[in-house]
Amino acid sequence: MSKDRLLFLGSTESIDEESSSCSCFTSARYRLMQHLRDSCDFANKALEMGRKDPRKVVYALKMGFALALVSLLIFWEMPIEDVSQYSIWAILTVIVMFEFSIGATFIKGFNRGLGTFFAGMLAFLFAGLSILAGPWEKIVIVISFFITGYCASYLRLYPTMAPYDYGYRVFVLTFCILMVAGNRNGGYVVAILTRLVLIALGAATCFIINICVYPIWSGDDLHRLVVNNFRELATSLEGCVNGYLKSVNYERTSSRFMAPASSDQIYLGYKSVIESESREKTLLGFAIWEPPHGRYRKFEYPWRTYVKASNAVRHCAYTVMALHGCIMSEIQAPPEKRRVFRGQLQQVSAEGARVLRELGSKIEKMEKLGAFKNILEQVHEAAEQLQKKIDQRSFLLVNSESWEVGSLRKDLEDLDDVPQQHLGLKSLSETAIYIQKPRMRLPADKDLQPKQNVRRLVPWPSSFCLEGGDGLMIGDDEVKTYESASALSLATFASLLIEFVARLQMVVDCFEELSEEADFRDPDIIVLTECGGDLWTRLVRSLRFKK
C-alpha cells in the first residue's frame, strides 16, 4: 500500500472520530437544554400553583416550621439524655401527621395515637412475659411478633376497619421497634416510655401549629364545593338549552363526542358536578373530625347533609348530561320545529338555573329560604306552559297523517317562520330527507352486481331496496319513519327538561333539611330585628345572628 494511501486512510479515520465526537457533544448539549427547559417549566408550574392557591405555600411554611421546632430536641442534654438519642421519633411523627387540612391531621393523629398506645401496652405485656420466661425469652419475642403481625393483618382486612388502616400499620411498626429497642438495651420500660412521650410531643406540635397558624379547614372546602356544584349545574343547564335551540353544527359536536373539548363549558359544568362525589367523600371524612370553628359553631355539624344536598344536585346533573346527549345525538329535530317551542324551553331553563343559583347563594350565605316564599313556583309554571305547548302542538312530535282530524301541512302553514317548501330535516345522519322528495337516489356501487340483493352499511334508516342496476332507493316508509324519529328527539329533549324540573323538588327538600340542621339564619327575622328596638338591642341581636 502506498504512502499516499495510508495518509488518506489516516485522515479519514481522524475525520470520522471528530464527527462522532461532535455528534455526541451535540446530543449531550441537546439533552442538557431539554432538561433545563423541563426544569423551567416545572418551576413555572409550581409558582402558578402557589399563585392559584396560596394556602399550599402556607402549608409548606408551617410544615418547615414544625420540623425546625422539633429538631431542637437533637440538642437536648439534661436532665434526660435519652431525649436527644430518640428525638427521631418526634421528627417522624411530625412528618407523618402534618397534613394539609386540620381534619386530615386529626385523623392521622388519632390513628397514630391509637396505634402507638396499643402497641406500647402490648409491648409492655410481652416484655414482661419474656423476662419471666428466662431462657425462653427469645422464643417469647418471636411468638409475640407472629401473633401481633397475624392479628393486625387479619383485622385490617375487615371492611369497617378501612378508615383505620394507617393505625394498624403504625401499631405493627411501633410494636416491632419497641421490642427490638428494649431487647438491645435491656430496659423495656425506659425505651417504651421515652418513645411514647416523644411521639406525643410531636403530635402536640402538629396540632398546635396547624390550628393556631393560618388554619386550613376541610369543612370550608366542602362548603365551597357544594355551592360551586349548584352554580356549575345552572350554567350547564342554560348552555344545553341555548345550544339545542341554536342547532349546533354536526362537525363540531362529532369532534366533541369523540374527544370532549376542554373549552366546552356545557360538558365541563355537569362533569365537575358528577366527578365531585369522590372529593366530597374525602372532605366529609376530614370535616367530621374538625372542632367547631368560624361559621360552623355547632358540635356534630351536619356535614353529611351537605353531601346529601350535593347528591340531589348530582341527580339533576344526570338529566343535564342526557340533555347534552340530545345535542350530540345522531337524530336531530329540524330547527323549524325547535323554534315552535323556543320560548317555553328557554323559560324553563332560565327558571331552573335561577333556582339552582339562588339555593347556592343561600348555602353560601347560610340563610333559609324564608317562611312565605315558594322558590319552585315560577319554574313549575314554566314547566306547565311547556307541557301545554306540547299538548297543543303534539302533531309536530308524532306522525299525524293517520289521525282522523288535523293535517300536518295545514297546521304547519299556521306557524310562524316555517318554510312552506320543506322542513329541511338536517340531522347528524348523512342522509337528508325532504317532504317534496320522498324518494332519493343514492349512487350505485360499481362492485354491485345488478341481479343480486346486496345490503350496504349506510346511516340509519338502513332499509333500502335495490332496483335494477342503477342504485339504491329510499322508500316512502323510510322517509316517514325518519321524520317521526327526528320529531320524537324534540319530544325527548322537552321531556328531559320537565324531568329536571321534577327533580328540583328533591334539591329544595335537601336544602331545607340542611338549613334546619345547620341552624341557618332566617332572613325575615333578621329584617325585623334590624327595624325594631333601641340601638343596644339591635347591636346585640345583630351580633347574635351573625354567629
Side-chain angles (χ1 to χ4, degrees), residues 226-242 244-245 266 269-270 273 302 305-306 308-323 326 338 340-394 490-528 530-531:
V226 173
V227 172
N228 184 70
N229 285 344
F230 277 85
R231 294 173 177 173
E232 290 290 339
L233 187 60
T235 303
S236 183
L237 174 64
E238 289 181 330
C240 276
V241 176
N242 293 333
Y244 187 77
L245 294 176
I266 300 175
Y270 67 78
V273 177
T305 313
Y306 270 90
K308 184 178 179 181
S310 186
N311 288 335
V313 175
R314 193 172 297 108
H315 190 56
C316 296
Y318 294 128
T319 307
V320 177
M321 182 171 63
L323 291 172
C326 292
R338 302 186 199 187
V340 176
F341 303 93
R342 174 186 295 273
Q344 288 73 24
L345 292 174
Q346 287 181 337
Q347 184 67 17
V348 173
S349 67
E351 292 298 331
R354 179 191 61 81
V355 170
L356 290 174
R357 289 194 178 99
E358 188 168 351
L359 291 177
S361 178
K362 290 292 184 180
I363 293 178
E364 185 179 21
K365 298 177 182 178
M366 302 183 71
E367 293 181 356
K368 296 181 180 179
L369 288 176
F372 307 101
K373 186 174 183 181
N374 184 6
I375 193 173
L376 294 176
E377 182 178 0
Q378 296 180 5
V379 69
H380 283 172
E381 292 179 357
E384 291 174 3
Q385 294 298 324
L386 175 59
Q387 185 61 55
K388 290 179 181 179
K389 191 63 174 289
I390 292 175
D391 295 338
Q392 295 172 359
R393 307 293 183 180
S394 58
L490 176 59
T492 301
F493 188 87
S495 63
L496 286 172
L497 199 57
I498 295 175
E499 172 66 19
F500 177 85
V501 175
R503 295 187 180 189
L504 282 178
Q505 183 63 51
M506 185 187 303
V507 179
V508 175
D509 293 340
C510 292
F511 171 81
E512 291 181 347
E513 180 182 355
L514 174 62
S515 63
E516 292 295 332
E517 294 182 0
D519 294 334
F520 283 2
R521 299 174 297 175
D522 195 334
D524 299 330
I525 297 179
I526 294 175
V527 172
L528 292 176
E530 290 178 353
C531 296

Peer 1: State whether the side chain of S236 and the backbone N or O of L233 hold a donor-acceptor pair below 3.5 Å, judged by distance alone.
Peer 2: no
Peer 1: Which pair of non-hydrogen atoms, one from I266 and one from C240, has the smallest distance, and what is that distance?
Peer 2: CG2-SG, 3.2 Å
Peer 1: How many angstroms lie between atom SG of C316 and atom CZ of F230, to the nearest 0.5 angstrom?
Peer 2: 9.0 Å
Peer 1: Out of V227, N311, L514, which residue meets the side chain to side chain contact (heavy atoms under 4.5 Å, CB included) rule with Y306?
Peer 2: L514
Peer 1: Using a 6.0 Å distance limit plus a 45 degree cone around the ring axis, check whether R338 lies over the aromatic ring of Y244.
Peer 2: yes
Peer 1: Say whether, by atom type as modelled, one donor and one acceptor occur between the side chain of K389 and the main chain of V340 under 3.5 angstrom.
Peer 2: yes
Peer 1: Do the side chains of Q347 and Q385 get nearer than 4.5 Å, heavy atoms only?
Peer 2: no
Peer 1: Say you draw a straight line from OG1 of T305 to CD of E516; how long is it, rounded to the nearest 0.5 Å?
Peer 2: 11.5 Å
Peer 1: Measure across I390 and A494 and return the closest heavy-atom pair with its distance rounded to 0.1 Å.
Peer 2: CD1-CB, 3.6 Å
Peer 1: Test salt bridge (Lys or Arg N to Asp or Glu O under 4.0 Å) on E384 and K388 and set out the steps.
Peer 2: CA-CA 6 Å; E384 291 174 3; K388 290 179 181 179; 5.3 Å; no
Peer 1: Quick one, Q387 and Q344 - any side-chain contact, counting heavy atoms below 4.5 Å?
Peer 2: no
Peer 1: List the atom of F511, the atom of E367, and the distance in Å for their closest heavy-atom pair.
Peer 2: CZ-O, 3.4 Å
Peer 1: Would you compute the distance between atom CG of L245 and atom OG of S349 and round it to the nearest 0.5 angstrom?
Peer 2: 7.5 Å
Peer 1: Just verifying a value: how many Å separate M366 CE and R521 CZ, rounded to the nearest 0.5 Å?
Peer 2: 8.0 Å
Peer 1: Return yes if a side-chain donor-acceptor contact under 3.5 Å exists between R231 and N228, otherwise no.
Peer 2: no
Peer 1: Hey, is E517 close enough to K308 for a salt bridge, meaning N to O under 4.0 Å?
Peer 2: no
Peer 1: I'd like to know if the side chain of S495 reaches the main chain of A491, judged simply by a donor and an acceptor atom lying under 3.5 Å from each other, with no hydrogens or angles considered.
Peer 2: yes
Peer 1: Of the non-hydrogen atoms in C326 and F493, which two are nearest, and what is the gap between them?
Peer 2: CB-CD1, 3.7 Å
Peer 1: Does the side chain of L359 reach to within under 4.5 Å of the side chain of V313, using non-hydrogen atoms?
Peer 2: no
Peer 1: Got H380 and L504 here, is their nearest side-chain heavy-atom distance under 4.5 Å?
Peer 2: no
Peer 1: When you compare the side chain of L497 with that of L237, does any pair of heavy atoms fall below 4.5 Å?
Peer 2: yes
Peer 1: Could you grab the distance from atom CD of E358 to atom CD of E351, nearest 0.5 Å is fine?
Peer 2: 10.0 Å
Peer 1: How close do R503 and T319 get, heavy atom to heavy atom, and via which atoms?
Peer 2: NH1-OG1, 3.0 Å
Peer 1: On a heavy-atom basis, which atom in E512 and which in L369 lie closest, and how many Å separate them?
Peer 2: OE2-CD1, 4.0 Å
